[in-house]
There are 2 protein chains.
Amino acid sequence: MQTEMASGAGNPRLIDRKPHELLWRRLSSFAPLSDQERSIIRQTCAAPGQVRAGVELYVEGEPLSKPGALLAGWACRLRVLSDGRRQIFDFLLPGDLFGHPARAEPLAAASAATLTAVSIAGTGCLVEMVREPDRFPGLCRAWAAAQARQEAYLLNHVVRLGRQTAYERIAHLLVELGHRLDEIGFPLGSFVPMPLTQEVVGDALGLSVVHVNRTLQQLKRERLIETKAASVRLIEPDALAEIADFRLPRRVPSTG
Amino acid sequence: MQTEMASGAGNPRLIDRKPHELLWRRLSSFAPLSDQERSIIRQTCAAPGQVRAGVELYVEGEPLSKPGALLAGWACRLRVLSDGRRQIFDFLLPGDLFGHPARAEPLAAASAATLTAVSIAGTGCLVEMVREPDRFPGLCRAWAAAQARQEAYLLNHVVRLGRQTAYERIAHLLVELGHRLDEIGFPLGSFVPMPLTQEVVGDALGLSVVHVNRTLQQLKRERLIETKAASVRLIEPDALAEIADFRLPRRVPSTG
DNA sequence: CGATAGGTTGAAGAGGCTCAATTCCGGTGG
DNA sequence: CCACCGGAATTGAGCCTCTTCAACCTATCG
């Protein structure tokens, strides 16, 4: 029941639209935007950059000079330990922002890399926005809210890693990604894109590939999920949320 | 060698000083502060609140209305799962800030609770600061930088939980806390306060109390650390940092 | 002096890892 | 259209880290 209420049936399939519409709709879901702001977003999306899979968008420790927005494809933030072990911190989905240099954090605390081929809204206008916050108050608020959301996901991630079993971790991640995809128009409960290899899932959840594989099989056997190509269907989102002790991020009343 | 360079020998024992001096020195290590800002800090610290151990400072989901600064004692941010399992996200040490409602994140994403009796700089003037950012640009920058730092610690925490063994996790946490204490005047390599029960360490690092205990014993047996009352001495900070693959947070060139 | 929180110890078992081999699948070249 | 290739997924077996349970010890405090 919660499933149907939360379902993205009402969310237009943003991906199918023009990129700037995806970004505008998504940002204005965080804070109201002016017409001027809408137009700067349109400009920013005019000539998106194309980047292949497996490319680093920026590197840990490097100055963050180029804010960007993901228009299509998936990426992640990660760190590589000195012995080669990798830890993925979070995922970037279409409509997500990255590399904001403001807030007195000029250096990247983690690297970011593409997981698929991606399309990225250029840096030009976004830099402008960051430089002159007073001209784009709505954009700034939206960006801040998006960042706060991203941080809430990071806390979820800590809980997964610290206190949940492999089974719960995977269920939790799937539900979280399911809800995020729902927000950009892929209804919860239907087949949705999930271009993650089992190794990537393992690097995110602190598990070995082998164990990710076995746990996914269990979830399939129990008919909680099914997979096809690079996509997943959460057959029983509520049951998964129950298993994972998943809580929807409280929607912030957008009172400005 | 790195140890000696990073040692807090140069840092005055801030704890021993007047509370407002601790806070001022700490904040101005993040961004230059004006005299006016110094005086508002002094006011804020004039009548610190006293809170006992084990008290919640704020609760997850509650509106964040009361920014504060910890002047003495330890606290942590945490979340309690529905089945009672706890996960600690990070620790608050003297000089640390919490509960900043700005940045469009009006609701707390986690609870915060005291681990010891603490002394807290009141909300009055800090609220003022948040309301009128233009009057206190330095303070705002400092606060943002402090928050960025806190976030870097959170990423460290994810790496610990996701990719390190119990032995590495504990070494890593100890070194990180050692460096943070060094910054407020407790030299790395000497006995420093560490008022954490083994249960708290377990809740932070995703380990059982029993295993924390055994791992600590191993570290003591190997003469890497020694403990006394609620304090610890990192006998071999470099060796510990090596074990933990610990990296010092890059100091931000304070050009801004 | 009893109460209570925190620390210590032992034993057994589970969850997850490693190693190693095999299969599957989407693409590529012939 | 087929053979082949490489990355990803799958499977089996053994082992090890860490957990759980349960008991016991130790300090501190009213």
Side-chain angles (χ1 to χ4, degrees), chain A residues 52-55 74 81 83-88 113-117 160-173 193-221 225-232 243-244, chain B residues 52-55 74 81 83-88 113-117 160-173 193-221 225-232 243-244:
Chain A
R52 276 178 307 164
V55 175
W74 288 45
L81 305 211
D83 60 0
R85 284 178 288 186
R86 293 194 315 164
Q87 177 63 49
I88 291 177
T114 58
L115 294 170
T116 68
R160 282 193 285 258
L161 292 171
R163 281 290 172 235
Q164 300 201 292
T165 66
Y167 187 66
E168 294 166 332
R169 283 182 216 187
I170 292 186
H172 198 283
L173 181 63
M194 193 86 73
L196 306 175
T197 67
Q198 296 182 354
E199 188 179 1
V200 166
V201 174
D203 284 342
L205 297 181
L207 300 168
S208 68
V209 205
V210 173
H211 203 60
V212 169
N213 184 294
R214 293 191 167 118
T215 309
L216 281 173
Q217 285 180 49
Q218 186 185 349
L219 288 166
K220 290 176 198 166
R221 222 180 306 122
I225 66 169
E226 56 183 320
T227 64
K228 191 170 65 181
S231 62
V232 185
I243 288 165
Chain B
R52 277 177 307 163
V55 174
W74 288 44
L81 306 210
D83 60 0
R85 284 178 288 187
R86 293 194 314 166
Q87 178 62 50
I88 291 176
T114 57
L115 294 169
T116 68
R160 283 193 285 258
L161 292 171
R163 281 291 171 235
Q164 301 201 291
T165 65
Y167 186 68
E168 294 166 331
R169 283 182 216 185
I170 292 185
H172 197 284
L173 181 63
M194 193 85 74
L196 306 176
T197 67
Q198 296 182 352
E199 189 179 359
V200 165
V201 173
D203 283 341
L205 297 180
L207 300 168
S208 68
V209 203
V210 173
H211 203 60
V212 168
N213 183 295
R214 293 190 168 119
T215 309
L216 282 173
Q217 285 180 49
Q218 186 184 350
L219 287 167
K220 290 176 198 169
R221 223 180 304 124
I225 66 170
E226 57 183 318
T227 63
K228 192 170 63 180
S231 62
V232 185
I243 288 166

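A, B, ... follow the sequence lines: proteins, then strands. Residue 1 opens every chain. Quick caveat, the model's predicted, so the values are computed rather than measured.
- Partners of B/His172 by ring pair (Phe, Tyr, Trp, His ring centres under 6.0 Å), not counting sequence neighbours, listed by chain and number: B/Phe246.
- When heavy atoms are screened at a 4.0 angstrom cut-off, B/Gly206 is found touching the sugar-phosphate backbone but no base atom.
- Shown here are the salt bridge (charged side-chain N to carboxylate O under 4.0 Å, His left out) partners of A/Glu199, two or more places apart in sequence or in another chain: there are none.
- Remark: A/Ile243 CD1 to A/Leu219 CG distance equals 6.5 Å, nearest 0.5 Å.
- With hydrogens and angles disregarded, no donor-acceptor distance shorter than 3.5 Å links the side chain of B/Thr114 to the backbone of B/Ala117.
- The distance between atom NE2 of A/His211 and atom P of D/dA9, rounded to the nearest whole Å, is 16 Å.
- Summarising the geometry, the separation between CG on A/Leu207 and C1' on C/dT18 is reported as 14 Å, rounded to the nearest angstrom.
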Just the atom pairs and distances: protein N or O near nucleotides 6-10 of chain C's N or O, under 3.5 Å.
from	atom 1	to	atom 2	distance (Å)
C/dG7	OP2	B/Gln198	N	2.8
C/dT8	OP2	B/Gln198	NE2	2.8
C/dT8	OP2	B/Asn213	ND2	2.7
C/dT8	O5'	B/Asn213	ND2	3.3
C/dT9	OP2	B/Gln217	OE1	2.6
C/dT9	OP2	B/Gln217	NE2	3.0
C/dG10	N7	B/Arg214	NH2	2.4

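- For the side chain to side chain contact (heavy atoms under 4.5 Å, CB included) test, residues two or more places apart in sequence or in another chain that qualify with B/Arg221 are B/Gln217, B/Gln218.
- Spacing between atom OH of A/Tyr167 and atom P of C/dA14 amounts to 18 Å, rounded to whole angstrom units.
- Rounded to 10 degrees, the angle between the two end axes of the helix from C/dC1-D/dG30 to C/dG30-D/dC1 is 40°, with five pairs used at each end.
- The distance from the CG atom of B/Leu161 to the CD atom of B/Gln87 is 5.5 Å, given to the nearest 0.5 Å.
- A donor-acceptor pair under 3.5 Å is formed between the side chain of B/Arg169 and the backbone N or O of B/Gln164.
- The salt bridge (Lys or Arg N to Asp or Glu O under 4.0 Å) analysis of residues 202-216 of chain A, with sequence neighbours excluded, yields the pairs A/Arg86-A/Asp203, A/Asp203-B/Arg163.
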